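Chain letters run A, B, ... following the sequence lines, proteins first and then strands; every chain starts at 1. Please read all numbers here as calculations on a predicted model, not as lab measurements.
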Amino acid sequence: MASMKELVSFMASQLVDDPGSVQVTETESEDTRVFELRVAKDELGKVIGKQGRTARAMRSVLSAAAGIDKMKARLEIVE
Amino acid sequence: MSAKMEYNGSDVDEAIRNACAALKVERDQVDVEIVATGSTGVFGIFGRKKAVVRVGLKNGGAKGKAQSRPARAGQDEAVVKVRSKREDVVGDPVSAEDIELIKSDLGQILALMNCPSEITIDQDANNKVHAHISGEHVEVIVGAEGQTLDGLQYLMRKIITRKFPQKVLFSLDAGDFRSNRTEELQERAVRLAQEVKDTGKTRTIPAINPAERRIVHMALQNDTEIRSRSVGDGIFKKVLIYLPGKGRKRTSRKRKGGEARPR
C-alpha cells in the first residue's frame with residue numbers, strides 16, 4: 001500500500017523537531033519494500049533512539065503493516 | 001546525611017554485608033543505594049561484573065552511636081529502595097483535549113498501517129492514560145509476542161513526551177493481550193519454578209522485556225525455595241530461575257568433570 005511510505009514519514013515527523021526535513025524514499029523488489037528515511041543530521045538520534053530502540057519500534061510497526069500484504073519491509077535510516 | 005561510600009561484592013547481598021562489616025554497623029542502620037546489581041557473565045567467566053552499592057549511615061549517625069540503637073518503629077526497617085516505588089507513580093493530569101490528540105495520533109498510525117481500529121482511552125486514579133485498541137486488526141497490531149504492540153507503545157510514549165510538557169504516563173493494550181500475556185508469563189514462571197524444585201536444575205525464560213521480567217520476578221518473589229534474576233545486556237534479558245546457592249559463578253566452574261550435586 002502506498003500508505004506505508006506515509007506511515008514512515010508520519011512516525012518520523014512526530015519524533016523530530018523539524019518535520020520538514022523528513023524525507024522517505026521507497027524502492028521495491030519482488031517481496032520486499034525498502035524505505036530510506038532521511039532526517040536532519042542533528043536529529044538522527046531521535047529516530048534511532050537509545051540502542052536503536054526507536055528505530056526497532058518503527059521497524060516492527062512497519063513490518064506488521066507490510067505483513068498484511070504478505071510483504072517484507074526494511075527501514076534504513078540514511079545519514 | 002553523611003558521605004556515602006561505595007562497596008562491592010559478587011552480588012548485592014554480599015556487597016551490603018561487606019559494607020556493614022567495613023562500617024561495623026548493623027544492616028538496618030545504613031541506607032543502601034544499589035549502583036550495579038552485578039552479573040555472572042558468560043559461564044561465570046567472561047564479562048563478570050561485581051555488584052556495587054553506595055552506603056551511608058542513617059541519620060548521619062556516627063559510628064560511635066551504632067550500638068545504642070533507637071527503638072523507634074518504622075525507622076528500623078531497612079530502606080532498600082529497589083523498585084518498590086513503581087506501583088504508586090502518579091502522572092500529571094491530562095486534559096480531555098490532550099487525550100484527543102493522543103487518540104488522533106495513534107489513530108493516524110493505525111490507519112496508515114491499514115489497521116483502522118476503535119480506540120478507547122481512559123485515565124486511572126494515578127492519572128495514567130490507558131489506550132485500548134479493539135477491532136478486527138488486533139492480531140496484527142499485537143504481533144508476535146506483543147512485539148508490534150510494544151513498539152507502538154514505545155513510539156506513542158516518545159511522541160507524547162515530545163508533545164506535552166507535563167509528565168504523562170501511558171500504556172497501550174489491544175484486545176486482551178496484556179492480561180493474557182501476564183497470565184501466561186505467571187503460569188510459565190510457576191511451572192518452571194516447579195521444575196527447578198524437582199530437578200535442581202536452573203531454568204531460563206529467554207529474552208523478554210523489562211515489564212515482562214517484572215511480572216516473572218513478582219510471580220516468584222514469595223517463593224522462598226527458588227530465586228530468580230535477570231541476566232544479559234540491553235533491554236531484553238533472560239530470566240534465570242534457580243535454587244539458592246546454585247547457578248552462581250563459583251559452582252559452574254568447579255562442577256566441570258564432577259557429578260552434578262542433586263539437592
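- Other residues, nucleotides and ligands contribute more than 12 heavy atoms inside 6.0 Å of the CG atom of A:Asp31.
- Two residues are said to be in side-chain contact when any heavy atoms from C-beta on lie closer than 4.5 Å; A:Ile68 and B:Met113 fail this criterion.
- The two atoms that bring B:Thr148 and A:Val61 nearest to each other are CG2-CA, 4.1 Å, heavy atoms only.
- Among all heavy-atom pairs drawn from B:Ile235 and A:Arg56, the shortest one is CD1-NH2, 3.2 Å.
- To the nearest 0.5 Å, the span separating CG on B:Asn114 from CG on A:Asp69 amounts to 6.5 Å.
- Remark: the A:Gln14 side chain and the B:Lys158 side chain contain no N/O donor-acceptor pair separated by less than 3.5 Å.
- Within 6.0 Å of NZ in B:Lys163 there are more than 12 heavy atoms belonging to other residues, nucleotides or ligands.
- For the atom pair CZ of B:Arg157 and OG1 of A:Thr54, the computed distance is 12.5 Å after rounding to the nearest 0.5 Å.
- For the pair A:Met11 and B:Leu155, the tightest heavy-atom approach, listed with the atom from each and the gap, is SD-CD1, 3.5 Å.
- Nearest heavy-atom pair across B:Gly151 and A:Ala57 is O-CB, 3.5 Å.
- For the residue pair A:Phe10 and B:Leu112, the shortest heavy atom distance occurs at CB-CD1, 3.6 Å.
- With rounding to the nearest 0.5 Å, the separation of OG in A:Ser13 from CD1 in B:Ile159 is 8.5 Å.
- With a threshold of 4.5 angstrom between heavy atoms, A:Val47 does not approach chain B through any atom at all.
- No other option in A:Arg59, A:Gln51, A:Arg53, A:Met58 has as many heavy-atom pairs under 4.5 Å with chain B as A:Arg53.
- Heavy-atom contacts from other residues, nucleotides or ligands closer than 6.0 Å to CD of A:Glu28 number more than 12.
- Heavy atoms from other residues, nucleotides or ligands lying under 6.0 Å from NZ of A:Lys72 number 12 at most.
- Contact annotation for B:Asp150: neither backbone nor side-chain heavy atoms come within less than 4.5 Å of a heavy atom of chain A.
- Atom CG of B:Asp124 sits in a crowded spot, with more than 12 heavy atoms from other residues, nucleotides or ligands closer than 6.0 Å.
- In the displayed structure, B:Glu184 atom CD is contacted under 6.0 Å by more than 12 heavy atoms of other residues, nucleotides or ligands.
- Environment of CD in B:Glu145: sparse, with no more than 12 heavy atoms of neighbouring residues, nucleotides or ligands closer than 6.0 Å.
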